[in-house]
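In what follows, a structure is listed as structure tokens, so that the remarks can point back to it.
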Amino acid sequence: MFLALRAEVESALTGALETLDLPTDDLGIEEPPEGVDAVVASSVAFRLAGELGAPPAEVAARIADAVDADEYEYVREVRAQGPYVNVLPTPSYYADTLDAGRDDDYGELPATGEDVLVEHTSANPTGPVHVGRARNPIVGDAVARLLDYAGHDVTTEYYVNDAGRQMAVFTWAYETFDEDDLDSEPERGRVEYDLVRYYRKGNAYLEEAHPDAVEAAEDEIQSILQGLEEGDEETYERVQRVVDQVLGGMRECLLRLPAEFDEFVKETSFMRDGGTKELAERLQETDEAVIEDGAWQLDLSEWGYEKKLVFLRSDGTSLYTTRDLAHHEWKFDAYDRSVTVLGEDHKLQAGQLQAALELLGNDTDQLENVIYSYVNLPEGKMSTRRGTGIDLDDLLDEAIQRAREEVEKRLDDRIREDDIDADDVERIAEQVGVGAVRYDIVSKQPQKAITFEWDEALDFEAQSAPYIQYAHARSCGILDDTETPDEADASLLEADAEIELLRETARFPGVVDAAATDLEPHQIATFAREYADAFNTFYRECPVLADDVDPAVRRARLALVASARNTLANALDVLGIEAPRSM
RNA sequence: GGGCACGUAGCUCAGUUCGGACAGAGCGUCUGGCUUCUAACCAGAAGCGCGGGGGUUCGAAUCCCCCCGUGCCCGCCA
């Protein structure tokens, strides 16, 4: 309802300003602070005060007088409060919110018909997913869900980097070394934990072995790269044997979050279909293409890049960015918009990619990036190759373990109404543990650096998923054994806590809209926390099922609780966090 | 050296796009609350003037300039 109200306010203010013969370019619409009855406000009077030579308060009063609230469904009254023009909503604003909130899909916006591709994670298939890059699947999955809620047709893509040097190294190492050569047992039963040992062994060998031996190995690695470039089928099969196994394990790990993908697009596919070769030829024909030291490069100084972008090595082979250009033209072909979630270390590359795409005549307005900073350990960076880092599997296991302890502690602490068996404990522990990890990451602005600390990542009491999940479980506790009334009179909701909760409920679709526009799922995380605050206050102050509650009031409160349950469940759903029915 | 990010209570973070109502939460500290729909909760107290300095403005955490600190990037790697 908030979006509808705001639209009415825009129209009303524009009309009022036109009546007064004032400019309407900036309406100064904002949400008032806590403690103000208004739901929407405007600070436009400040700006017009100078022009009119009158104090802001007087201007605000004049504007408020010029609005006829009767023309609008949700605007009850527009009044000046000091220099602000404040808008109070009609009873139907609350009544319609109470109705809309009871739909299971409350918060989902109407379909836009826009096809959006969200590429995220795309971690090189070299080994177990570690926490350093865990931000990518968590933020990426939330962005995809958010755009879905905002009404777009979303496809998620994992771009598989199976053509680079590291995969050639991996393939060589996998074929060269035996189990006996490895100096450690796999840390886990899953396949990527087994195979990563070959990758690490290979890298160590290249650093430590006799120069002659290293040269022989390098020859083999080069022949793999050349084979891929030439589209040699046997080489391709050899590399894929490693890629598919490791990727399969990584997918299982990501599924625990859960992060799922509609498409796995392989980098080699743009070599095998000739797309990269054709693209390089088009680049060669541009005015910006130059040959330096035998390599084809792009002079992108017009776009502000000092560094030239090499797109063909002196031996004629393509580079990652060359293939990624073909990849992106493929995206542009198939989708209306393309969003990529990537680490800040790829920022320069992404900028050059965009410039090159423009150079090739693409409309890059359809391309957007969500950039995040890596999660580091107190002692430094995490690395798959060196084997330093916390595995995402370990983090999730630890989170679930700590959540299980909490659930069990609470079982001992108090007598509960609901019956919880061992399966329930396990389910709740998983929902809460994984949810806590996701919320910890998705609730922060992605561009801020995070240093990983176990106790911080696994703090269930701070502003965390469990707090929001708990509010949801409480709402279920009220609704579970109760008939949800068909009729509910919103005007009976008069307590501060009730009105506040209803106001917050009304905001939800608007928050989805804003967060999706900005590609910022953390806005949903902030909202969800504030919403849980409002619900918990309501829960404390307004009994629903108590005997002395008037039946009509009870019906209204039940409807409000149903709206709250849907809002909490869907806000969590946007973030990819489960909403337990009991905790 | 250059480019890009980030710097808000003791700690972890919202707020910065689009400048406006007293700068907000959680944790921690202190106080009170479970015969009442789940106390992973609620209510209250103390605590920051937004890295530093200039500027623009009626008004700056928010915009501009300089400086300091931290991170990332500046490969014929990905």
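Proteins come first, then strands; the chains are lettered A, B, ... in the order of their sequence lines, and each starts at number 1.
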From the list [options], which nucleotide is the closest neighbour of the side chain of [X]?
X      : options             : value
A:A473 : B:C72, B:U38, B:G33 : B:U38
A:N124 : B:C42, B:A40, B:A78 : B:A78
A:P33  : B:A40, B:C42, B:A21 : B:A21
A:F460 : B:C37, B:A40, B:C58 : B:A40
A:Q523 : B:C58, B:C37, B:U17 : B:U17
A:L348 : B:C37, B:A78, B:C74 : B:C74
A:Y467 : B:C41, B:A78, B:C72 : B:C41
A:K347 : B:C37, B:A78, B:A5  : B:A5
A:H346 : B:A5, B:A78, B:A21  : B:A78
A:R165 : B:A21, B:C77, B:C37 : B:C77

Rounded [atom1] spacing from [N] to [M] in Å:
N     : M     : atom1 : answer
B:C73 : B:U56 : C1'   : 33 Å
B:U31 : B:U35 : C1'   : 24 Å
B:G10 : B:A21 : C1'   : 30 Å
B:A23 : B:C13 : C1'   : 14 Å
B:A25 : B:G15 : C1'   : 11 Å
B:G47 : B:C11 : C1'   : 13 Å
B:C58 : B:G19 : C1'   : 12 Å
B:A60 : B:C65 : C1'   : 15 Å

Exercise. With sequence neighbours left out, what residues match A:E157 under salt bridge (Lys or Arg N to Asp or Glu O under 4.0 Å)?
Worked result: none
Problem set entry | Which residues share a salt bridge (Lys or Arg N to Asp or Glu O under 4.0 Å) with A:R62, sequence neighbours left out | A:E58
Exercise. What is the base-pairing partner of B:G1, counting Watson-Crick and G-U wobble geometry with both distances under 3.5 Å?
Worked result: B:C74
Problem set entry | Sequence neighbours excluded - ring pair (Phe, Tyr, Trp, His ring centres under 6.0 Å) pairs with any residue from residues 540-561 of chain A | none
Seminar exercise, completed: The residue, A:V44 or A:P543, whose nearest nucleotide of RNA chain B is more 5′ is A:V44
Seminar exercise, completed: The answer to which of A:N86 and A:C542 contacts RNA chain B further toward the 5' end, by nearest nucleotide, is A:N86
For this session: Would you please indicate yes or no on a ring centroid separation below 6.0 angstrom for A:Y158 and A:H120?
Result: no
Problem set entry | All ring-ring contact (aromatic ring centres under 6.0 Å, His included) counterparts of A:Y199, not counting sequence neighbours | A:F170
Spacing of [X] atom [atom1] relative to [N] atom [atom2], expressed in whole Å:
X      : N     : atom1 : atom2 : value
A:R402 : B:A40 : CZ    : C1'   : 15 Å
A:L325 : B:A78 : CG    : P     : 13 Å
A:E267 : B:A78 : CD    : P     : 7 Å
A:E344 : B:U70 : CD    : P     : 16 Å
A:W303 : B:C74 : CH2   : P     : 21 Å
A:I428 : B:U38 : CD1   : P     : 13 Å
A:L342 : B:C4  : CG    : C1'   : 13 Å
A:M382 : B:G71 : CE    : C1'   : 15 Å

For this session: Compute both the distance and the angle, then confirm whether A:R474 meets the cation-pi test with A:Y539: under 6.0 Å from the six-membered ring centre, within 45 degrees of the axis.
Result: yes
Sugar-phosphate, base or nothing in reach of [X], heavy atoms under 4.0 Å:
X      : answer
A:V561 : nothing
A:S43  : base
A:D480 : nothing
A:R557 : nothing
A:D518 : base
A:A471 : nothing
A:G82  : nothing
A:P83  : nothing
A:Y539 : base

For this session: Have a look at B:G49 and give me syn or anti from its glycosidic angle (syn if within 90° of zero).
Result: syn
Pairs meeting criterion salt bridge (charged side-chain N to carboxylate O under 4.0 Å, His left out) with involvement of [range], two or more places apart:
range                       : answer
residues 288-300 of chain A : A:E292-A:K308
residues 527-544 of chain A : A:R507-A:E530
residues 35-47 of chain A   : A:D26-A:R47

Seminar exercise, completed: Residues in residues 304-320 of chain A with a heavy atom under 4.0 Å of RNA chain B, by number, are A:K307, A:V310, A:R313, A:S314, A:L319, A:Y320
For this session: State whether the distance check finds a donor on one side and an acceptor on the other, under 3.5 Å, for side chain A:D162 versus base B:A78.
Result: no
Side chains of [X] and [Y]: do they bring a donor and an acceptor to under 3.5 Å?
X      : Y      : result
A:D162 : A:T268 : yes
A:D315 : A:T317 : yes
A:R323 : A:T276 : no

Exercise. Below 4.0 angstrom from OP1 or OP2 of B:C6, is there any side-chain N or O of A:Q447?
Worked result: yes
Problem set entry | Closest non-hydrogen atom pair, A:A217 against A:L206 | CB-CD2, 3.9 Å
For this session: Look at the rings of A:F538 and A:F535 and say which category their plane angle falls in: under 30° parallel, 30 to 60° tilted, over 60° perpendicular.
Result: tilted
Every protein N/O within reach of nucleotides 10-14 of chain B N/O, cut-off under 3.5 Å:
| from | atom 1 | to | atom 2 | distance (Å) |
| --- | --- | --- | --- | --- |
| B:A14 | OP1 | A:Q445 | N | 2.6 |
| B:A14 | OP2 | A:K448 | NZ | 3.0 |
| B:A14 | O2' | A:T526 | OG1 | 3.4 |

